[in-house]
Amino acid sequence: MKRRVLSMILAASMVLALAACGGGNGNQNNQTPGSTSGSSSGSQQQTPNNGGDSTASPVAGKKVAYIMIMPSATIFQMWANSCQDLAKALGATCDVFFCDGDFNKWQDTIRTCAAGGYDGLLVSHGNQDGSYVFLKEITEQYPDLKITCFDTQFYADGEYQKIEGVTQMFQQDASLVTVLLDDMIKNFGEGVRLIKVWRGPNYNSPFDRREVGWQEYQNAGKIVTVGEVQPLQDTVDSANTVFAAYLQGVNRADVDGVVVYYDCYGQGVYNAIVENANFNGTNGAALPMGSVDIDPVDVTNMLTRPDIWTAAGTTDWTLNGEIGMRILMLEIAGEYDKIYDPASGKTGVDVVEVPGSAILASALKDTSTVENLGEIADETYGNLSYLSVADWMPADLIHK
């Protein structure tokens, strides 16, 4: 089948930017923890679809929740839907909570769910400065509660930490950049001359993790960095203003392409290119760009000008939700030894990373959307072999 964490000071700006750039058209369900309306996979206990007693679901009747710090967006709703589908198939119930970019609301929601008898929580995008201390306290206060984290670093006392029994899941951020670099190398050869658009180092964890891929290719001589641009704010407008000004001093003949570490910046970069006759194809060849992450605006821009926005590095957010929920279910079942990391090929791990895929503008169809990218992506996108499995939770459980 085909199918990032900020400091407390920076969380609000990045979150609001993503809300503005991500532009979700999914249904948002901001309910009170413990209620069964709206986002629950069912107020009645679901009967798992099992093949017999040997594969009976050990999580039947369990109550879990997906708690996202961000506002709802298309990719996050894809994640939520997948979580709920899997929970239902296993006879469990799953509630969904979006926290509007508010770290305090995220913490309050987790506290309320923990006190309300939830068996497991899949929590997403907690900030680097506060998540470790907060979640460690939660696990100590509620020792039977199982927690899986997505895009949440544990950092305290000047170093990264672990919380026993808590699995951390990430996108394999370095690969989200290298798949874009591979596409540029394919089109221009090794030594391709590139402009990098990001904020860092040490601005936020996902950017630093993505920079690892860039440095690897640069040190190997596969790419040449001819410029670096850093937006002043995490907004489309800031990226547009800063990159448009930067282009005024660039000779088109001296650069082959642009790689952007965040699609919100990418939308601003795209607009700056489109607005400049020396780079939009009016006077010579258009300047191609690729970006990390994807949302509906990105797909529209790629379809409109595939010669400019040529690729996006992303993962399948539907599969991501299932990967995260499978990890949580294995924690609840006490089967930590079956938690699988597709990046390393190892099981029994406490860190899981999902490899990135390149979505090429040249492969998009007129009917392509964020939800159906599996139709045109390669085998790394939505790959069922990335799933953690058990005899009671086979890879094809919700993919019959």
Inset, instruction - Return yes if a side-chain donor-acceptor contact under 3.5 Å exists between Tyr217 and Asp182, otherwise no. - result: yes

Legend entry - Hydrophobic cluster membership, Val197 vs Tyr246, 4.5 Å side-chain cutoff: yes

Inset, instruction - Please check if any side-chain donor atom of Glu211 sits under 3.5 Å from a side-chain acceptor atom of Gln215, or the reverse. - result: yes

Inset, instruction - Drop me the distance from Trp392's CH2 to Ser57's OG, to the nearest 0.5 angstrom. - result: 6.0 Å

Legend entry - N-O pairing of Lys146 and Asp119 below 4.0 Å: no

Inset, instruction - Quick one: do Glu353 and Arg209 satisfy salt bridge (charged side-chain N to carboxylate O under 4.0 Å, His left out)? Show the steps, please. - result: CA-CA 12 Å; Glu353 295 192 285; Arg209 287 162 53 85; 2.6 Å; yes

Legend entry - Distance (rounded to the nearest 0.5 Å) between Leu90 CG and Leu397 CG: 5.5 Å

Legend entry - salt_bridge(Asp341, Lys346) N-O dist < 4.0 Å: no

Legend entry - Lys/Arg N to Asp/Glu carboxylate O, Glu216 vs Lys222, below 4.0 Å: no

Inset, instruction - Please find out if less than 6.0 Å separates the ring center of Trp106 from that of Phe103. - result: yes

Inset, instruction - Ignoring hydrogens and angles, state whether a donor on the side chain of Ser368 or Glu375 is under 3.5 Å from an acceptor on the partner side chain. - result: no

Legend entry - Short side-chain donor-acceptor distance under 3.5 Å, Ser291 and Asp263: no

Inset, instruction - Taking all heavy atoms of Asp293 and all of Ala312, pick out the closest pair and write down the distance. - result: O-CB, 3.8 Å

Legend entry - Close side-chain approach of Leu330 and Met393, heavy atoms under 4.5 Å: yes

Legend entry - Heavy-atom closest pair, residues Gly356 and Leu176: CA-CD2, 3.6 Å

Inset, instruction - For residues Leu232 and Val242, determine if any side-chain heavy atom of one lies less than 4.5 Å from a side-chain heavy atom of the other. - result: yes

Inset, instruction - For residues Tyr160 and Tyr155, establish whether the separation of their ring centroids is below 6.0 Å. - result: yes

Legend entry - Asn104 and Gln107: CA distance, side-chain angles, deciding distance, side chain to side chain contact (heavy atoms under 4.5 Å, CB included) verdict: CA-CA 5 Å; Asn104 291 326; Gln107 291 177 298; 3.5 Å; yes

Legend entry - Gap separating the CE atom of Met184 from the CG atom of Leu194, nearest 0.5 angstrom: 6.0 Å

Inset, instruction - Decide side chain to side chain contact (heavy atoms under 4.5 Å, CB included) for Arg210 and Trp198; before the verdict, give the C-alpha distance in whole Å, the side-chain angles of both, and the deciding distance to 0.1 Å. - result: CA-CA 10 Å; Arg210 292 166 192 180; Trp198 74 315; over 6 Å; no

Inset, instruction - Please examine the side chains of Gln168 and Val352, heavy atoms only from C-beta on, and report whether any two atoms are closer than 4.5 Å. - result: no

Inset, instruction - Answer yes or no: does atom NZ of Lys196 have more than 12 heavy-atom neighbours from other residues, nucleotides or ligands under 6.0 Å? - result: yes

Inset, instruction - State, to 0.1 Å, how close Cys149 and Phe154 come at their nearest heavy-atom pair, and which atoms those are. - result: SG-CZ, 3.7 Å

Legend entry - Student check: side-chain heavy atoms of Ile163 and Tyr132 closer than 4.5 Å: yes

Inset, instruction - Nearest 0.5 Å please: distance from the CZ atom of Arg326 over to the OG atom of Ser388. - result: 8.0 Å

Inset, instruction - May I ask you to say whether Arg199 pairs ionically with Asp234, meaning some side-chain N is under 4.0 Å from a carboxylate O? - result: yes

Inset, instruction - Would you kindly confirm whether Tyr270 and Leu360 end up in one hydrophobic cluster when ILVMFWY residues are joined by side chain heavy atoms under 4.5 Å apart? - result: no

Legend entry - Asp378 versus Thr380, side-chain donor and acceptor atoms under 3.5 Å: yes

Legend entry - Near-ring test Phe150/Trp79, centroid separation under 6.0 angstrom: yes

Legend entry - Flag if over 12 foreign heavy atoms under 6.0 Å of CD, Glu140: yes

Legend entry - Check: Gln267/Asn301 side-chain N/O donor and acceptor closer than 3.5 Å: no

Inset, instruction - Kindly give the heavy-atom pair with the smallest separation between Phe243 and Val229, and that separation in Å. - result: CD1-CG2, 4.0 Å

Inset, instruction - Starting at CD of Gln77, measure out to SG of Cys83 and round the result to the nearest 0.5 Å. - result: 10.5 Å

Legend entry - Where Ala395 and Leu387 come nearest, the two heavy atoms and their spacing: O-CD1, 3.5 Å

Inset, instruction - Kindly compute the distance separating CE (Met70) from CD1 (Ile75), expressed to the nearest 0.5 Å. - result: 8.5 Å

Legend entry - Greater than 12 external heavy atoms within 6.0 Å of Asp157's CG: no

Legend entry - NZ (Lys136) with more than 12 external heavy atoms under 6.0 Å: no

Inset, instruction - Answer yes or no: is there a donor N or O on one side and an acceptor on the other, between the side chain of Ser175 and the main chain of Gln172, under 3.5 Å? - result: yes

Legend entry - Donor-acceptor pair between Asn240 and Asn271 side chains, under 3.5 angstrom: no

Inset, instruction - Begin with the C-alpha distance, continue with both residues' side-chain angles, and end with the deciding distance and a verdict on side chain to side chain contact (heavy atoms under 4.5 Å, CB included) for Thr109 and Lys105. - result: CA-CA 6 Å; Thr109 304; Lys105 183 176 180 178; 4.2 Å; yes

Legend entry - Donor-acceptor side-chain pairing of Thr167 and Glu331 below 3.5 angstrom: yes

Legend entry - Side-chain heavy atoms of Leu122 within contact of Val64, under 4.5 Å: no

Inset, instruction - Before giving the answer on salt bridge (charged side-chain N to carboxylate O under 4.0 Å, His left out), spell out for Asp108 and Arg111 the whole-Å C-alpha distance, their side-chain angles and the decisive distance to 0.1 Å. - result: CA-CA 5 Å; Asp108 289 344; Arg111 286 194 192 96; 2.8 Å; yes

Legend entry - Side-chain heavy atoms of Leu181 within contact of Trp214, under 4.5 Å: yes

Legend entry - Check: Asp95/Tyr118 side-chain N/O donor and acceptor closer than 3.5 Å: yes

Inset, instruction - Answer yes if Leu319 and Tyr340 sit in the same cluster of Ile, Leu, Val, Met, Phe, Trp and Tyr residues linked by side chain heavy atoms under 4.5 Å apart, and no otherwise. - result: no

Legend entry - Under 3.5 Å: donor-acceptor pair, side chain of Asn372, backbone of Thr367: yes

Inset, instruction - Would you please indicate yes or no on a ring centroid separation below 6.0 angstrom for Trp317 and Phe76? - result: yes

Inset, instruction - Evaluate the side-chain hydrogen bond (donor to acceptor under 3.5 Å, both in side chains) criterion for residues Ser385 and Asn383: first the C-alpha distance (whole Å), next the side-chain angles of each, then the deciding distance (0.1 Å), finally the verdict. - result: CA-CA 5 Å; Ser385 70; Asn383 193 322; 2.7 Å; yes

Legend entry - Pairwise side-chain contact, Val166 with Asp350, heavy-atom cut-off 4.5 Å (strictly under): no

Inset, instruction - Check whether any side-chain heavy atom of Val258 lies under 4.5 Å from a side-chain heavy atom of Val269, and answer yes or no. - result: yes

Legend entry - Distance-minimising heavy-atom pair for Ala114 and Leu145: CB-CD2, 3.7 Å

Legend entry - Short N-O contact, Asp183 and Lys186, less than 4.0 angstrom: yes

Legend entry - Same cluster (ILVMFWY, side-chain, under 4.5 Å), Val212 and Val259: no

Inset, instruction - Could you state whether Leu135 and Ile327 fall into the same hydrophobic cluster, counting links through intermediate Ile, Leu, Val, Met, Phe, Trp or Tyr residues with side-chain heavy atoms under 4.5 angstrom apart? - result: yes

Inset, instruction - Give the intermediate values and the outcome of side chain to side chain contact (heavy atoms under 4.5 Å, CB included) for residues Ile359 and Leu364. - result: CA-CA 8 Å; Ile359 304 300; Leu364 292 174; 4.1 Å; yes

